[in-house]
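Right, one structure below, let's go through it.
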2 protein chains.
Amino acid sequence: MARAASTKGNTRIQRQKTKQILDAALEVFSTYGFRGSTIDQIAAQAGLSKPNILYYFDGKEAIHGVLLDRLLHTWLEPLEHLGESDNPVDEICAYVTRKLEMSRDYPRESRLFANEILQGAPNIIAELQGPLKSLTDDKCRLIQSWIDEGKIAPLDPHHLIFSIWSTTQHYADFDVQVQAVLGASTTDRFETAQTHLDRLFRAMLTPQKADDI
Amino acid sequence: MARAASTKGNTRIQRQKTKQILDAALEVFSTYGFRGSTIDQIAAQAGLSKPNILYYFDGKEAIHGVLLDRLLHTWLEPLEHLGESDNPVDEICAYVTRKLEMSRDYPRESRLFANEILQGAPNIIAELQGPLKSLTDDKCRLIQSWIDEGKIAPLDPHHLIFSIWSTTQHYADFDVQVQAVLGASTTDRFETAQTHLDRLFRAMLTPQKADDI
DNA sequence: TCTTTTTCTGACCATATGGTCAAGACTATG
DNA sequence: CATAGTCTTGACCATATGGTCAGAAAAAGA
């Protein structure tokens, strides 16, 4: 018999093929969106036949589902690492850097996520309202405590996080536009972006000793 | 006879129906993306029959094309208004505000654009490399001149613009996520975002009289 | 090696979708 | 109010696409 809701993982062949399929699917889904992608495209990309794909997964939606599941874990990881520090400005800037690196190294994942959200997040709305919201609220409390201690400038923690997400993910999701306008090489684009974003958030976060003492 | 590459506009009925169709198409395309949308959906949304839609437009792609054309014009307008000013910080912040208002008032247009870019901008890559790049480069020179005059802090003009685009459009394109995390009402979300973004860019742009004099 | 289990595929099916067309309904106007 | 032109639609077509299935081909065991 050969059942398995979605991911198989027993034999050597199963492990290899499922990985192969998921990688191909990520490539295709992140480029054309869910409805714009076909099993044939994924099959071609994976170098397998369509029925063979359906042998490993219960359908197009199942493949997409597995990708989204894994994605959320990867996606939230950097934020989880945001923690106590005696230099909160550096700590937050390090988070910005990590997020930017993810845009550079995992643009497909970023676009898959963006596609999903753009279309109303039909398949991950629960995760957004659950785990994502919890984690975010949690980190916002941490940020608020830094504000209360005067270690960073006063600002809305939630919107700060939105700004970090948007500015960093922009370099993955809107890469075509960035390239069209900048025309720089990939490394150049990300290096200058890194410098810029660090400066941006540092300026915003560094507390102003307004009227001093 | 009844020819017209795409937009008809002679009789009263033609004007009304084309507008009706374009509005419905914007709704559908911005929600499901080009390939995820069907003519039937557009027809239903517009309250017309499918053949009737095709009487006014030469096909699905033609409708999409018209929408994209109009979009680019609307989209670049705010940036065009960025001009000389004796208070560049205010001038740029006003641009940020205008962009945020567009996210609030025209979220469908924002998502249509995002969808197109995400998928590699197949239909507007030329416009990005042409008009968009020209305009952007142009405004970057203006910003650079402000920097040279010491009126705003030194920073990379291109990346500054990317930051403005990404942070403001985030509230339209990722609205579902923002809602999931914030849970605030629409007006609340945009009001607090406005405050936050103004603070963010003001902090970054205001020149530091580092070693004074 | 022989048998069992897993893996793979060509052929097929049902449905969805972009698009056409001939004919009917409606409108404007001479 | 008749007629030319405009508008609308039901019925249809060709193709694309998600998915199935019976049986062939490999692998894995015994």
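The sequence lines fix the lettering, A, B, ..., with proteins before strands; numbering per chain opens at 1.
When the P atom of dT6(D) is taken as reference, atom CD of Q16(B) falls 18 Å away, rounded to whole Å. Rounded to whole Å, atom P of dT8(D) lies 9 Å from atom CD of Q20(B). I53(A) places its CD1 atom 13 Å from the C1' atom of dT9(C), with the value rounded to the nearest Å. Look at OH on Y32(B): it is 16 Å from C1' on dA16(C), rounded to the nearest Å. Between E61(A) atom CD and dT17(D) atom C1' the separation is 15 Å, expressed in whole Å. The NZ-P distance, from K60(A) to dG18(D), rounds to 4 Å in whole Å. For the pair N52(B) CG and dC26(C) C1', the interatomic distance rounds to 12 Å; values are reported in whole Å.
Listed nucleotides dT20(C), dT8(D), dG19(D) differ in distance to Y56(B); the shortest reach to its side chain belongs to dT8(D). Side-chain proximity of Q14(B) to dT6(D), dT6(C), dG19(C): nearest is dT6(D).
With sequence neighbours excluded, no residue forms a side chain to side chain donor-acceptor pair (under 3.5 Å) with R199(B). With sequence neighbours left out, the side-chain contact (heavy atoms from CB on, under 4.5 Å) criterion links F190(A) to L100(A), S103(A), R104(A), Y171(A), T186(A). Remark: W75(A) pairs with no residue by the side chain to side chain donor-acceptor pair (under 3.5 Å) rule, at least two apart or across chains. Residues passing the salt bridge (Lys or Arg N to Asp or Glu O under 4.0 Å) test with R12(A): none are found, sequence neighbours excluded.
Map P51(B) and K17(A) each onto its nearest nucleotide of DNA chain C; the residue landing nearer the 5' end is K17(A).
Side-chain atoms of D156(A) and T192(B) include no donor-acceptor pair closer than 3.5 Å. Looking only at atom types and distance, the side chain of D137(B) has a donor-acceptor partner in the side chain of H158(B) under 3.5 Å away. Side-chain contact check for Q20(A) and Q16(A): at least one donor-acceptor pair (N or O, by modelled atom type) lies under 3.5 Å.
When all heavy atoms are compared, the tightest approach of Q144(A) to P157(A) is OE1-CG, 3.6 Å.
Using a 4.0 Å cut-off, no side-chain N or O of Y55(A) falls inside it from OP1 or OP2 of dC8(C).
Side-chain atoms of K50(B) come within donor-acceptor range of the base of dG18(C), with a qualifying N/O pair under 3.5 Å.
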query: Can you give one letter per nucleotide of nucleotides 22-30 of chain D, 5' to 3': B if a protein heavy atom sits under 4.0 Å from the base, S if only from the sugar-phosphate, - if neither?
result: -----SS--
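Across residues 34-49 of chain B, S37(B), T38(B), I39(B) each have a non-hydrogen atom less than 4.0 Å from an atom of DNA chain C (numbered order).
Relative orientation of the F29(B) and H64(B) rings is perpendicular, given thresholds of 30° and 60° on the angle between their planes.
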